[in-house]
Number of protein chains: 2
Amino acid sequence: MSLDLRKEQVLEAIVISHIETAEPVSSRSIARKYNLGVSPATIRNEMADLEEIGLIRQPHTSAGRVPSQKGYRYYVDKLMKKTELTTREKKLIRAIFAKKVKVLADIIQCTLKAVAQLTDYLVFLSGPYFENDVLKKIKIIQLMPGKALLVIMAETGWVHSKAMDLPSDITADDLAYIELVLNHYFQGLSFTQITRTVLKDVYNELNRYRRTINHILEIMEVVLQEEMKENLYLGGTNRILRQPEYSDIEEVRKLMNFIEREENLRTILQDADPYRVTVKIGEEIKSEQASKYSAVTAAYNIGGNIVGTLGLLGPMRMDYARAMTVVEHITQVLSEALSEESFY
Amino acid sequence: MSLDLRKEQVLEAIVISHIETAEPVSSRSIARKYNLGVSPATIRNEMADLEEIGLIRQPHTSAGRVPSQKGYRYYVDKLMKKTELTTREKKLIRAIFAKKVKVLADIIQCTLKAVAQLTDYLVFLSGPYFENDVLKKIKIIQLMPGKALLVIMAETGWVHSKAMDLPSDITADDLAYIELVLNHYFQGLSFTQITRTVLKDVYNELNRYRRTINHILEIMEVVLQEEMKENLYLGGTNRILRQPEYSDIEEVRKLMNFIEREENLRTILQDADPYRVTVKIGEEIKSEQASKYSAVTAAYNIGGNIVGTLGLLGPMRMDYARAMTVVEHITQVLSEALSEESFY
DNA sequence: TTTAGCACTCATTTGATAGGAGTGCTAATT
DNA sequence: AATTAGCACTCCTATCAAATGAGTGCTAAA
């Protein structure tokens with residue numbers, strides 16, 4: 001479906017104006033603000049047509065028009081112009097990320113903070129995960145009697161370690177043997193494969209150390225799951241209250257309810273195209289409760305491998321151009337920050 | 001200041017009723033619901049007296065009474081009866097904590113979740129910190145060329161480890177030597193002492209490894225700071241929207257603004273008496289913006305050492321008895337859970 | 001000392017009205 | 001054939017007065 005030029009201009013005017021003011025847009029205000037060189041009456045005619053196609057609608061008979069979900073989609077796909085961040089804003093972002101942060105959690109906090117400074121939407125992101133990371137080596141290092149360190153090294157260079165208690169009758173030789181077996185079974189496997197399969201084989205092989213191996217495998221599982229778990233972080237809850245749609249407390253409650261269920265946000269992130277900025281408008285988000293929201297998402301990477309996704313959630317009347325620019329830029333900065341050095 | 005019995009009964013009725021309904025309490029409703037054996041007129045007289053002392057006030061001339069900050073304080077100190085959690089609720093808590101959680105972050109999540117199930121107030125807690133934990137031993141373990149693991153063991157049994165990159169020209173002997181020196185200087189010192197002092201001495205002693213030692217000290221600092229940082233966790237933001245005081249969006253904004261500034265919450269936790277459940281009402285919280293809120297806090301411990309504090313924040317019209325019970329019980333469960341085993 | 005009774009206050013609800021923004025349609029204009 | 005001026009019509013919103021009712025304070029009687 002494609003519209004003639006003037007219809008597009010009218011639609012664009014309606015979308016832009018409504019995004020800005022949150023109010024229905026009247027034919028007169030379009031004639032005034034956007035120089036289309038025609039009278040309100042003409043615009044009204046066009047509006048009637050646009051409404052028939054379903055791109056805009058009227059909240060009630062004597063009101064102006066607001067874009068429909070379809071209208072926003074048309075706008076995003078065909079009319080929207082890309083925007084840029086100001087140099088000031090870019091500087092701001094650099095400044096936030098500039099602090100030497102060595103811990104993953106801090107970088108995530110920086111990200112949330114940066115986005116919150118740039119938009120009044122909800123920010124959420126799935127923490128880096130390494131489902132496909134491949135295990136390079138396992139080490140068990142005895143720290144003192146009854147206490148050892150389990151170290152898991154991955155191909156990507158990430159190292160995970162966790163302390164654990166040992167039965168007192170385990171000797172250094174035992175540990176060395178266990179380490180050998182574990183490496184034999186697990187080396188070269190991806191994290192997913194490890195948790196799914198081979199566990200049983202190992203268990204049998206190391207039968208005589210049952211108590212210890214149980215413990216070790218349990219801890220390995222914890223570590224791996226920790227690593228593979230796509231942690232979800234959320235921010236901007238205060239900011240979004242500035243959006244006029246949330247001057248009604250009921251709407252706020254609904255929104256809070258929606259984001260309270262983590263899987264809602266997870267789904268949005270998972271449904272995103274990993275290779276480009278994705279825009280989901282209203283019912284395009286696969287969740288009944290989300291029919292009034294829109295989400296803009298983009299993936300971020302470490303050294304080129306996609307490891308997580310960042311998203312903005314806001315009312316359907318979202319500044320899509322802005323949101324896309326922000327999401328794109330931030331994921332890029334985030335990727336760089338993560339790729340720069342090895343983290344814990 | 002002490003009141004005669006009937007005044008106390010009236011005050012108690014007003015507080016309880018207002019906590020329940022969030023509405024001003026009339027003399028008639030007291031006469032009806034609480035059998036004081038007197039007429040509304042008598043109660044009105046008592047109310048006039050109570051108002052004069054400043055324990056209650058009238059929102060406007062023809063309205064009932066609501067407790068004042070002083071009134072709540074009197075109630076909490078002298079009238080309030082302790083409540084108990086139902087066995088059902090206790091079971092619920094057990095269930096939430098029962099899942100095998102090995103990671104600190106998970107336990108915190110459990111805590112937030114449990115409290116959110118039990119009350120409709122904001123929950124927040126300062127994560128366990130170990131300012132006074134004493135360093136037992138440092139180990140540097142080479143994993144592969146250019147990569148080593150820095151392990152910090154504390155007297156409490158907690159073990160922290162972090163991977164780091166090494167200059168390629170460092171030998172195993174070098175590392176052993178560095179380890180020796182570090183232990184020599186740091187062993188037996190508390191984490192606070194380590195970050196504050198001795199760093200310089202070490203730096204001089206290990207001058208010839210400057211590049212490496214810089215790196216190691218930096219990482220040590222990160223680890224220790226991570227450990228000492230009183231992390232702040234927050235939950236229940238949705239739940240508190242159920243409180244009728246937050247059916248006005250402006251109030252919500254103010255509240256969000258208040259909790260957005262972490263130091264506000266930090267201050268509340270720091271001001272708490274570590275040895276008992278603390279109740280701060282209205283202006284007793286040292287923050288201008290908090291004059292309409294109340295907070296109930298209690299500390300939790302690991303093996304008897306206090307390591308953090310948990311708090312509830314709500315409107316002044318808070319169910320103090322309930323809040324205190326919940327806070328007390330949860331901190332206890334949390335302490336047990338944390339003391340049970342060694343975590344990462 | 002208590003309480004019935006009543007006048008008084010003031011927030012809230014209700015209903016009616018006016019105003020205004022905006023549309024849709026028709027007929028005139030270009 | 002396309003545009004537009006003009007006007008009737010719709011429906012939301014603001015305003016105001018009046019009614020309502022909850023609750024008090026005070027006085028006088030019990």
Side-chain angles (χ1 to χ4, degrees), chain A residues 3-11 13-18 20-68 71 244-245 247-248, chain B residues 3-11 13-18 20-68 71 244-245 247-248 250-251:
Chain A
L3 304 173
D4 66 66
L5 178 64
R6 201 171 58 195
K7 281 199 178 48
E8 288 198 337
Q9 289 177 324
V10 171
L11 176 60
I14 292 174
V15 174
I16 291 180
S17 178
H18 186 251
E20 192 191 326
T21 65
E23 298 293 326
V25 184
S26 76
S27 54
R28 246 193 81 205
S29 73
I30 293 180
R32 214 182 320 113
K33 282 201 291 185
Y34 308 81
N35 288 4
L36 305 191
V38 290
S39 77
T42 312
I43 294 176
R44 277 205 289 284
N45 288 329
E46 300 288 20
M47 279 161 60
D49 292 351
L50 286 170
E51 181 159 10
E52 191 150 8
I53 319 175
L55 293 178
I56 59 179
R57 52 185 193 80
Q58 234 177 339
H60 58 263
T61 325
S62 67
R65 302 304 212 287
V66 296
S68 68
E245 12 276 290
S247 54
D248 175 15
Chain B
L3 303 173
D4 66 66
L5 178 64
R6 201 171 58 194
K7 282 200 177 50
E8 286 198 338
Q9 289 177 326
V10 172
L11 176 60
I14 292 175
V15 173
I16 292 180
S17 178
H18 185 249
E20 192 191 327
T21 65
E23 297 294 327
V25 184
S26 76
S27 54
R28 246 192 80 206
S29 72
I30 292 181
R32 213 184 319 113
K33 281 200 290 185
Y34 307 82
N35 288 5
L36 305 191
V38 290
S39 77
T42 312
I43 294 176
R44 276 205 289 285
N45 288 330
E46 300 288 21
M47 279 161 59
D49 293 350
L50 287 170
E51 182 159 9
E52 191 151 6
I53 320 177
L55 294 177
I56 60 179
R57 51 186 195 79
Q58 234 177 339
H60 59 263
T61 324
S62 67
R65 302 304 209 290
V66 296
S68 69
E245 10 277 290
S247 56
D248 175 15
E250 254 325 294
E251 286 308 314

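Since the structure is predicted, the reported quantities are computational estimates derived from the model, not experimental observations. Hydrogens, waters and symmetry mates play no part in the numbers below; they use all other heavy atoms, side chains included. Letters A, B, ... are given to chains in the order of the sequence lines, protein chains preceding strands, and every chain is numbered from 1.
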J.: Please examine the side chains of A:K7 and A:L55, heavy atoms only from C-beta on, and report whether any two atoms are closer than 4.5 Å.
T.: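 When only atoms from C-beta onward are counted, A:K7 and A:L55 do not touch, as no gap falls below 4.5 Å.
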J.: Which heavy atom in B:Q58 sits nearest to a heavy atom in B:G64, and how many Å separate them?
T.: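 Smallest heavy-atom distance, with atoms named: CG-O, 3.5 Å.
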J.: Between which nucleotides of DNA chain C, read 5' to 3', does contact with chain B run, using atoms under 4.0 Å from its heavy atoms?
T.: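 For DNA chain C, the relevant span reads C:dT2 to C:dA11.
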J.: Does some side-chain heavy atom of B:R65 sit less than 4.5 Å from a side-chain heavy atom of B:L50?
T.: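 No, side chains not in contact.
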J.: Calculate the interatomic distance between B:I43 atom CD1 and D:dG23 atom C1'; express it in whole Å.
T.: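 The distance from CD1 of B:I43 to C1' of D:dG23 comes to 13 Å, rounded to the nearest Å.
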J.: Is there side-chain contact between B:I14 and B:M47, with at least one heavy-atom pair below 4.5 Å?
T.: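 Sidechains of B:M47 and B:I14: in contact.
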J.: Shortest non-hydrogen contact from A:P24 to A:H18?
T.: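 What the structure gives for the nearest pair is N-CD2, 4.1 Å.
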J.: Taking atom P of D:dA28 as reference, at what distance in whole Å does atom CZ of B:R44 sit?
T.: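 Distance, rounded to whole Å: 16 Å.
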J.: B:T42 versus B:L36: any side-chain heavy-atom pair under 4.5 Å?
T.: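 No. Closest side-chain heavy atoms not under 4.5 Å.
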J.: Is any side-chain N or O of A:S62 closer than 4.0 Å to OP1 or OP2 of D:dC12?
T.: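 Looking at the OP1 and OP2 atoms of D:dC12, neither is under 4.0 Å from any side-chain N or O of A:S62.
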J.: In whole angstroms, how far is the C1' atom of D:dG21 from the NE2 atom of B:H60?
T.: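 So the two atoms are 11 Å apart, to the nearest Å.
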J.: When you match A:Q58 and B:T42 each to their closest nucleotide on DNA chain C, which lands nearer the 5' end?
T.: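 Its nearest nucleotide lies further toward 5', so the answer is B:T42.
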J.: Can you check whether B:I56 reaches B:V25 side chain to side chain, under 4.5 Å on heavy atoms?
T.: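 No; the side chains remain at least 4.5 Å from each other.
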J.: Going by number, which of residues 26-35 of chain B have a non-hydrogen atom under 4.0 Å from DNA chain D?
T.: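 B:S26, B:S27, in order of number.
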J.: Any side-chain heavy-atom pair from A:V66 and A:P59 closer than 4.5 angstrom?
T.: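 Yes, side chains in contact.
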J.: Here's a test of your reading of the structure: between B:G64 and B:A41, which maps to the more 5' nucleotide of DNA chain D?
T.: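 Comparing both residues, the 5'-ward one is B:G64.
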J.: Rounding to a whole Å, what distance do you find between B:E23:CD and D:dG21:C1'?
T.: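 These atoms are roughly 14 Å apart.
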